Number of protein chains: 2
Amino acid sequence: MNSWDEIRTAYHVARMGTVSGAADALGVHHATVIRHIDALEQRLGAKLFQRHARGYTATEAGEDLLRVAQTTDDQFSQLTNRIKGRGAEVAGELVVTSVESMGPQLVPVLAEFQAQHPQLSIRYLTGSRLLRLEYGEAHVAIRAGNPPDQPDNVVQPFFRMKFAMYAAKSYGRRHGFPERKEDLRKHRFVAFDETGARAPFSRWLRDHVPAENVVFVSGDSRVLENAVYAGAGIGFLPVYGAVQRDDLVRVIDPDDSWTVPVWLVTHVDLHRSAKVQALLSHLKAQIKRWDVE
Amino acid sequence: MNSWDEIRTAYHVARMGTVSGAADALGVHHATVIRHIDALEQRLGAKLFQRHARGYTATEAGEDLLRVAQTTDDQFSQLTNRIKGRGAEVAGELVVTSVESMGPQLVPVLAEFQAQHPQLSIRYLTGSRLLRLEYGEAHVAIRAGNPPDQPDNVVQPFFRMKFAMYAAKSYGRRHGFPERKEDLRKHRFVAFDETGARAPFSRWLRDHVPAENVVFVSGDSRVLENAVYAGAGIGFLPVYGAVQRDDLVRVIDPDDSWTVPVWLVTHVDLHRSAKVQALLSHLKAQIKRWDVE
DNA sequence: CAGCGAGTGTTCGATTTTGCACAGGGTGCG
DNA sequence: CGCACCCTGTGCAAAATCGAACACTCGCTG
C-alpha cells in the first residue's frame with residue numbers, strides 16, 4: 001500500500017463528513033481533497049464515500065478506514081510527542097564507551113550520574129574494538145592520546161591523565177628501588193606491547209632503559225597494572241589510581257611529558273541533546289578528583 | 001502531525017538501513033528519500049538517523065518511529081485487503097428499507113437470505129421517513145407506487161402487488177356482505193388518509209362510495225389492516241397477506257387497476273457489489289410466493 | 001595501492017501536484 | 001417562491017516536488 005497521505009485525507013473526510021471541512025482541517029484546497037479521494041478509491045477499486053449535495057458520507061469501507069486511520073493518527077501524534085520531548089529530558093538510554101583501563105575511575109562517576117537521573121539507563125561499554133560514534137554505537141566516547149579527528153565528531157579536552165613510575169613494595173624488598181637515574185639500567189620493567197610506542201612514556205622507556213630489562217609486556221593495561229602490583233617490575237601507572245594503593249612506592253614523580261590527554265567525544269547529531277550535555281557537565285565536574293599529584 | 005508519507009519513507013529507511021534501499025523499496029529516487037528524511041527531522045527537531053558512508057542507522061527516535069510505523073504498515077495492508085475483498089464476498093452489513101406495510105412479507109425472505117449468508121448482518125429499517133439511498137442510509141430500498149426517478153439510483157421492477165377488497169367475517173355477521181356493486185353504497189369502509197389519493201384503489205373508492213361511508217381512516221397501513229380484521233369496515237388489502245387469514249371474506253376480486261407496482265431501488269455505487277446483487281436475485285426468486293390470486 | 005562498487009548528497013530541468021476561480025446544484029429560511 | 005449559503009466539481013496557471021546526472025566518500029579486493 002503506497003501513499004499514506006491519501007489515507008490521511010480520506011480519514012479527515014470521513015471524520016468531517018464534507019470535503020470542504022476536511023480541506024480546512026488539512027490546510028489544503030478542497031480540490032486536492034477530491035483528487036486524493038478519487039485516486040484512493042480508484043486504486044482500491046471500491047467506493048469509500050457516497051457523494052451527495054450535503055457532503056460525503058462514508059460507506060462500510062470508508063468507516064473501516066476511519067477506524068484504522070483514527071488509531072494511526074493517535075499513534076503518530078504520540079510518537080511525535082515522544083520524539084520532540086526526548087531531547088528535553090534526561091531519560092532513556094545513554095551509551096558511554098572508553099578504553100577499558102579507565103573503568104575503575106569512570107564507573108563510580110557514572111553510577112552517581114545514574115542515581116541523579118533515575119529515568120536513565122546507562123550502558124558503559126569497554127572493549128578492544130573501538131565503538132564508532134558515527135554508526136550510533138555510542139553516545140559519548142572517552143578517548144585517550146592524540147586528539148581524535150573525525151569530521152562529524154565534536155571533541156573537547158576532558159582532563160590530562162598524569163602518569164608516574166611505580167613499583168610494588170614486594171619488588172623493592174627483592175630488588176631495591178632505583179634512587180638515581182643511572183640505577184634504572186639495573187632494574188626490570190613492565191611495559192605496553194606497543195612497538196609503535198604511541199604512549200609518550202613508552203618512548204621514554206625505550207630511550208632510558210635497555211630493551212632486555214623490560215621483562216613483562218602486555219597489550220592490556222589492566223594486566224600491566226596487576227603485574228606492577230605483583231612485583232613483576234617497575235611500570236607507569238596513572239597517578240589517580242596509584243595513590244590509593246599503599247603497597248606501591250613511587251619511583252619517579254610525574255613528568256609533564258608523560259601526561260596523556262583525555263578527550264570527550266560525541267557525535268555532532270547527539271551533542272546538543274540534554275542527555276549528553278548533562279553527562280558531559282557531570283563528567284567535567286569530576287575532573288578535580290583525578291587531578292592529584 | 002502532517003505528511004504521513006514522510007513517516008512512511010523514514011520507516012523504510014529504518015528498515016533497510018540505507019537510503020538507496022529504501023528508495024528501491026518505495027519506487028522513488030533516492031534524492032526524494034533524503035529530502036523526506038531531512039524535512040521530517042527538521043519538523044520534529046530531532047535526528048532520526050545517524051548518517052555515515054555505509055548508510056543510515058536509526059537513532060533512538062528512529063527506532064521508535066520504526067516500531068510505530070511497522071504496526072501502521074501492517075494495519076494499512078490489512079485494511080486494503082479487507083476493502084478490496086469486501087466487494088467479492090457477501091458479508092458485513094446490508095441495510096434494507098421499505099414502507100412498513102411490507103414487513104410481514106419481507107421479514108421471512110430476509111431471514112432466509114441471512115441464513116444462507118451467515119457472515120451477513122441485515123438491518124431492515126422501516127419508518128415513516130424515507131431513507132435516502134444517496135446519503136448511504138440504505139443499500140437496497142423497496143418502494144411502491146410510481147417508479148422512483150432519482151438520477152443516481154438504479155430502479156428495476158420487483159413485482160406487482162395485487163389488492164382486493166376484504167371484510168372480516170365478524171363484519172358480515174353484523175352488516176352482511178355486499179353482493180352487487182350497488183350494495184357498496186350501504187356499507188362502511190376503512191381507507192387511507194390520502195386526500196391526494198395516491199394509491200389507485202383509493203381513487204376508485206372515492207368514485208364508487210360516498211365519502212360519509214368511509215368510517216375509519218388512517219395513514220398507517222397496518223392500522224387499516226387491523227381495522228378490517230376487527231370488523232370496522234370493508235377495505236383494500238394485499239391478496240398475499242389476506243389469503244392467509246381465514247377470518248376474512250373477499251368482497252371483490254382483485255382488479256388490475258388496483259395493482260400497485262413495487263420497485264427495487266439501489267444506489268448506482270452499490271448496485272454492482274456482490275452483496276447487493278445476491279440480495280436482489282434472492283428477492284426476485286421469491287416473487288412467485290406473492291403471485292397468488 | 002589502485003581500482004571498483006556501494007552509498008550519500010547536491011544541482012537543475014521536467015513533471016506532477018496544488019491552488020485558484022468559477023460553474024452547477026441542493027437545502028433551508030424568510 | 002425566491003434568495004442566500006454551502007457544498008461539490010472542473011479547467012488552467014503556478015508552485016512544489018521529483019528524477020537524472022554528477023561529485024564525493026568509504027571500504028573492500030586483487
Side-chain angles (χ1 to χ4, degrees), chain A residues 2-10 12-43 47-58 62 129-130 132-137 149-153 267-269, chain B residues 2-10 12-43 47-58 62 129-130 132-137 149-153 267-269:
Chain A
N2 33 8
S3 182
W4 288 6
D5 272 345
E6 286 174 2
I7 296 182
R8 176 163 173 265
T9 303
H12 277 99
V13 172
R15 231 165 49 98
M16 299 278 132
T18 65
V19 168
S20 310
D24 281 352
L26 289 166
V28 297
H29 202 268
H30 75 269
T32 304
V33 174
I34 292 179
R35 287 187 279 247
H36 278 186
I37 302 297
D38 288 348
L40 186 57
E41 285 185 343
Q42 193 165 0
R43 257 214 320 280
K47 285 263 178 293
L48 293 172
F49 301 97
Q50 301 261 15
R51 294 138 168 81
H52 51 84
R54 300 301 301 266
Y56 279 33
T57 63
R129 194 172 69 89
L130 210 66
R132 306 191 60 162
L133 296 177
E134 63 265 32
Y135 282 56
E137 291 178 316
D149 190 23
Q150 292 280 349
D152 287 344
N153 291 350
H267 194 277
V268 69
D269 288 343
Chain B
N2 33 10
S3 183
W4 289 6
D5 272 344
E6 286 174 0
I7 296 182
R8 177 164 171 266
T9 303
H12 277 99
V13 172
R15 229 162 51 99
M16 300 280 131
T18 66
V19 169
S20 311
D24 280 352
L26 290 165
V28 298
H29 201 268
H30 75 269
T32 305
V33 174
I34 291 179
R35 284 187 283 246
H36 279 187
I37 302 297
D38 288 348
L40 186 57
E41 286 185 342
Q42 192 165 1
R43 258 215 318 281
K47 285 266 177 284
L48 293 172
F49 300 97
Q50 302 262 15
R51 294 137 168 81
H52 50 84
R54 300 301 301 267
Y56 278 34
T57 62
R129 192 172 71 88
L130 210 64
R132 309 191 59 164
L133 295 178
E134 63 266 33
Y135 282 53
E137 291 178 317
D149 191 22
Q150 293 279 351
D152 286 343
N153 291 350
H267 194 277
V268 70
D269 287 343

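As the structure is a computational prediction, the values presented were derived from the model and not from experiment. Naming: A, B, ... by sequence-line order, numbering from 1 per chain.
Note: CG (A/L26) to C1' (C/dT18) measures 13 Å, nearest angstrom. Separating the CD atom of A/E6 from the C1' atom of C/dT18 is a distance of 13 Å, rounded to the nearest angstrom. If you take CZ of A/R51 and C1' of D/dC6, they are 18 Å apart, rounded to a whole angstrom. When the P atom of C/dA6 is taken as reference, atom CG of B/D24 falls 12 Å away, rounded to whole Å. Spacing between atom CD of A/Q50 and atom P of D/dG9 amounts to 12 Å, rounded to whole angstrom units. Across the protein-nucleic acid pair, B/L48 atom CG and C/dT8 atom C1' stand 17 Å apart, rounded to whole Å. In this structure, B/I34 places its CD1 atom 12 Å from P of C/dT11, rounding to the nearest Å. For the pair B/H52 NE2 and C/dG9 C1', the interatomic distance rounds to 15 Å; values are reported in whole Å.
Checked against side-chain hydrogen bond (donor to acceptor under 3.5 Å, both in side chains), A/R51 has the following partners two or more places apart in sequence or in another chain: A/D38, A/E41. Residues satisfying the side-chain hydrogen bond (donor to acceptor under 3.5 Å, both in side chains) test with B/R15, not counting sequence neighbours, are none.
B/S20 comes within 4.0 angstrom of a base, heavy atoms only.
Nearest heavy-atom pair across A/M16 and A/A22 is CG-N, 3.7 Å.
Remark: the backbone N or O of B/N2 is paired with a side-chain donor or acceptor of B/R43 at under 3.5 angstrom.
Taking only side-chain nitrogens and oxygens, B/Y56 never comes nearer than 4.0 Å to OP1 or OP2 of C/dA6.
When the options B/L40, B/T57, B/V19, B/I37 are evaluated for a side-chain contact (heavy atoms from CB on, under 4.5 Å) with B/F49, the one that passes is B/I37.
Here the straight-line distance linking atom CG of B/D5 with atom CD of A/E6 works out to 8.0 Å at 0.5 Å rounding.
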What is the per-nucleotide protein-contact pattern of nucleotides 16-30 of chain D, from the 5' end, where B denotes a base atom under 4.0 Å from a protein heavy atom, S denotes such proximity for sugar-phosphate atoms only, and - denotes neither?
--BBBB----SS---

